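Just so it is clear, the structure is predicted and the values come from calculations on it, not from any experiment.
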Amino acid sequence: MAPTFSTPLKITSFSIFLLIITINIANGQGPQPNQQTSTLVFYLQDGGKGPNATVVPVIGINGKDWSYNSFGTIFVVDDPITINQSPLSTQIGRAQGVITVASQDGTNVNIVLSIVFNNVQYSGSTLEIQGTSRQRENLRELSVLSGTGRFRFAKGYVVFETVSYDAQNNQSIIRLSVTLAIP
């Protein structure tokens with residue numbers, strides 16, 4: 001009977017796996033000494049009702065209400081981003097993307113969002129945000145995966161904080177505190 005090498009190969013494969021993880025962590029996790037860390041704060045003006053709604057459900061499960069509490073509902077987003085909480089303050093860009101109610105109990109949504117800047121300082125630049133947002137928590141942290149223009153190769157996180165919510169008009173103001181490491 002020929003000897004089997006399954007145990008040594010598993011150990012070798014596992015060792016190689018650990019080595020790859022260690023190299024990846026050493027090469028790119030967290031701010032590096034040559035990276036600048038900065039925090040930006042701005043506000044999403046989120047409107048879900050009326051002819052100028054900026055968040056709209058586009059698909060859901062047949063026979064079910066399409067809402068933030070209904071599993072499978074998908075929304076498209078095109079929210080103005082302003083420099084302070086007032087909807088009339090200077091607009092610096094748009095938050096454009098998709099929100100999907102991803103948990104059967106409706107507590108979590110998955111967000112894929114591009115912050116598209118149009119102000120003088122960051123015009124043409126973007127930040128790419130993705131992650132699970134726990135809807136019933138006031139502070140929700142998601143990942144900043146990358147960016148373009150002034151934010152090329154940026155990594156970090158963003159904290160979404162609901163500043164105000166008007167249930168009757170389905171209007172929200174959400175503070176975004178974005179912490180970035182930029183090479």
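The shortest side-chain heavy-atom distance between T37 and T179 falls under the 4.5 Å cut-off. Using a 4.5 Å cut-off on side-chain heavy atoms (C-beta onward), S164 and Q85 make no contact. Between I115 and L176 the shortest side-chain heavy-atom distance falls below 4.5 Å. T82 has its side chain within reach of Q45: a pair of non-hydrogen atoms, C-beta onward, lies under 4.5 Å apart. Using a 4.5 Å heavy-atom cutoff, the side chains of K49 and V56 are not in contact. Contact check for V109 versus T132: no side-chain heavy atoms found under the 4.5 Å cut-off.
In the hydrophobic clustering of ILVMFWY residues, with side-chain heavy atoms under 4.5 Å counting as a link, I182 and V178 come out together. Side-chain heavy atoms closer than 4.5 Å link hydrophobic residues (I, L, V, M, F, W, Y) into clusters, and following such links, even through other members, never connects L44 to V159. Under the 4.5 Å side-chain heavy-atom criterion for Ile, Leu, Val, Met, Phe, Trp and Tyr, I174 and Y165 are members of distinct hydrophobic clusters. If you chain together hydrophobic residues whose side chains sit under 4.5 Å apart, Y43 and L180 never meet in one group. One hydrophobic cluster, built from ILVMFWY side chains closer than 4.5 Å, cannot hold both I61 and I74; they sit in different ones.
Checking side-chain atoms of S125 against main-chain N and O of R150 turns up a donor-acceptor pair under 3.5 Å. In this structure a side-chain-to-backbone donor-acceptor pair under 3.5 Å is present from S89 to N84. In this structure, K155 contributes its side chain and L145 its backbone to a donor-acceptor pair below 3.5 Å. Between the side chain of D166 and the backbone N or O of Q168, at least one donor-acceptor pair lies under 3.5 Å. Under a 3.5 Å cut-off, the side chain of S103 and the backbone N or O of N108 do form a donor-acceptor pair. Put simply, the side chain of R140 gets close to the backbone of N138: a donor and an acceptor are under 3.5 Å apart. Panel note: side chain R175, backbone E161; no donor-acceptor pair is recorded below 3.5 Å. No donor-acceptor pair closer than 3.5 Å links the side chain of T100 to the backbone N or O of A102. Of the possible polar contacts, none joining the S114 side chain to the V116 backbone as a donor-acceptor pair under 3.5 Å is found. When atom types are taken as modelled, the side chain of D46 and the backbone of Q171 share no donor-acceptor pair closer than 3.5 angstrom.
In plain terms, the two heavy atoms of N69 and R136 that are nearest each other are OD1-NH2, 3.5 Å. Pairing each heavy atom of I92 with each of F42, the nearest pair is CD1-CB, 3.9 Å. Nearest heavy-atom pair across F151 and F117 is CE1-CE1, 3.5 Å. Residues A95 and L113 come closest through the heavy atom pair C-CD1, 3.9 Å.
When only modelled atom types and interatomic distance are considered, T126 and T148 share a side-chain donor-acceptor pair under 3.5 Å. T107 and D105 share a side-chain donor-acceptor pair at under 3.5 Å. Side-chain contact of T73 with S70: a donor-acceptor pair under 3.5 Å is absent, judged by distance alone. Neither side chain, S123 nor Q121, offers a donor N or O lying under 3.5 Å from an acceptor on the other.
Here the NZ atom belonging to K64 is positioned 9.0 Å from the CZ atom belonging to F71, to the nearest 0.5 angstrom. Once rounded to the nearest 0.5 Å, the distance linking CG of L139 with OG of S177 reads 9.0 Å. Here the CD1 atom belonging to I81 is positioned 8.5 Å from the CG atom belonging to L127, to the nearest 0.5 angstrom. From T162, atom OG1 reaches atom CD of Q135 across 10.0 Å, with rounding to the nearest 0.5 Å.
Take F160 and apply the ring-ring contact (aromatic ring centres under 6.0 Å, His included) test, not counting sequence neighbours, and it matches no residue.
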Quick one, I111 with L142, criterion side chain to side chain contact (heavy atoms under 4.5 Å, CB included). Give me CA distance, side-chain angles, the key distance, then yes/no. CA-CA 8 Å; I111 296 177; L142 283 80; 3.7 Å; yes
If you apply the rule side chain to side chain contact (heavy atoms under 4.5 Å, CB included), what do you find for D79 with V55, and how did you get there? CA-CA 7 Å; D79 286 340; V55 180; 3.6 Å; yes
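The aromatic rings of Y68 and F75 sit parallel to each other, their planes meeting at less than 30°, with 60° as the upper class boundary.
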